[in-house]
Amino acid sequence: MRLQQRDTEEHAVMAWQWRRHPRCVALARSQVRKAVAGWGLAGVEERAVLVVSELVTNAVVHARVRGREVLTRFVRLDGGVRIEVHDASDVRPVPRAPDGSGGFGLLLVEEFADRWGVAERAIGKIVWAVVIDPERVRGEPGEGGGDAACGTG
């Protein structure tokens with residue numbers, strides 16, 4: 001796990017790079033929990049944790065590109081957070097009907113995020129979601145610990 005952090009007067013950005021390993025999902029949940037707590041966004045914490053969990057799980061399970069890692073990026077917004085999961089797969093996620101093998105992830109993201117989508121990158125894609133605390137919003141938001149199995153710290 002590697003951390004990149006940038007703070008400005010308008011917003012803060014925190015990013016971590018992870019190996020595609022199931023153990024990294026719990027670590028990503030922990031990092032988003034710390035980020036929103038540090039930004040004073042307790043009202044979005046549980047929804048943000050759930051969204052990160054589902055998006056990182058999808059990247060770990062479905063975005064299998066040899067030698068490529070997953071990047072999570074959290075951007076503080078006015079009253080909320082934009083969550084991004086970058087991976088090297090060109091396959092876009094599509095919600096599907098749940099069955100015995102899964103299919104609940106993107107349905108949960110749709111339920112708990114205020115909005116979500118997919119953006120292309122030179123290699124792969126970014127799956128993003130915005131989680132806003134309606135109690136804290138002053139205006140329309142803009143878009144704009146290590147583990148050896150998950151990366152270097």
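The figures here come from the full heavy-atom set of this structure, side chains too, leaving out hydrogens, waters and symmetry mates. Residue numbers start at 1 and run along the sequence shown.
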Is there side-chain contact between H86 and R73, with heavy atoms separated by less than 4.5 Å?
yes
If you compare all heavy atoms of E69 against all heavy atoms of W18, which two are closest, and at what distance to 0.1 Å?
CB-O, 2.9 Å
Sequence neighbours excluded, which residues qualify as salt bridge (Lys or Arg N to Asp or Glu O under 4.0 Å) partners of D90?
none
Nearest 0.5 Å please: distance from the CG atom of L27 over to the NE2 atom of H21.
10.5 Å
Quick check: closest heavy atoms across V60 and P22, and the distance to 0.1 Å?
CG1-N, 3.8 Å
Looking at every heavy atom in both V44 and G80, which two are closest together, and how far apart are they?
CG1-CA, 4.4 Å
Heavy-atom pair with the smallest gap, counting every atom of A129 and L55:
CB-CD1, 4.3 Å
So, for R19 and C24, which heavy atoms are closest and what is the spacing to 0.1 Å?
O-SG, 3.4 Å
Steps toward side chain to side chain contact (heavy atoms under 4.5 Å, CB included) verdict (L41, R76)
CA-CA 9 Å; L41 296 170; R76 183 177 63 205; 4.2 Å; yes
Do you know the tightest heavy-atom contact between R20 and A63?
CD-O, 3.3 Å
Minimum side-chain heavy-atom gap P93-H62 below 4.5 Å
no
Less than 6.0 angstrom separating the ring centers of W39 and F74, yes or no?
no
Side-chain donor or acceptor of D114 paired with backbone N/O of I132 under 3.5 Å
yes
Residue pair L50, L108: steps toward the side chain to side chain contact (heavy atoms under 4.5 Å, CB included) verdict
CA-CA 8 Å; L50 187 136; L108 290 171; 3.8 Å; yes
Is V118 reachable from V85 through a run of hydrophobic residues whose side-chain heavy atoms are each under 4.5 Å from the next?
yes
Test side chain to side chain contact (heavy atoms under 4.5 Å, CB included) applied to R115 and W128, step by step:
CA-CA 8 Å; R115 59 188 178 274; W128 60 269; 3.8 Å; yes
Charged N-O contact under 4.0 Å between D133 and R47
no
Criterion side chain to side chain contact (heavy atoms under 4.5 Å, CB included) on I83 and T72, from CA distance to verdict
CA-CA 7 Å; I83 297 160; T72 54; over 6 Å; no
Of V51, V127, V130, the one forming a side chain to side chain contact (heavy atoms under 4.5 Å, CB included) with W116 is V127
Could you tell me whether the side chain of S53 and the main chain of V49 form a donor-acceptor pair under 3.5 Å?
no
Check whether any side-chain N or O of K125 sits under 3.5 Å from a backbone N or O of S89 as a donor-acceptor pair, and report yes or no.
yes
Run the salt-bridge test on R33 and E45 with the 4.0 Å N-O cut-off and return the result as yes or no.
yes
Counting only heavy atoms from other residues, nucleotides and ligands, does the tally under 6.0 Å from CG of L107 exceed 12?
yes
Using 0.5 Å steps for rounding, measure from the CD atom of E110 to the CD atom of E54.
12.0 Å
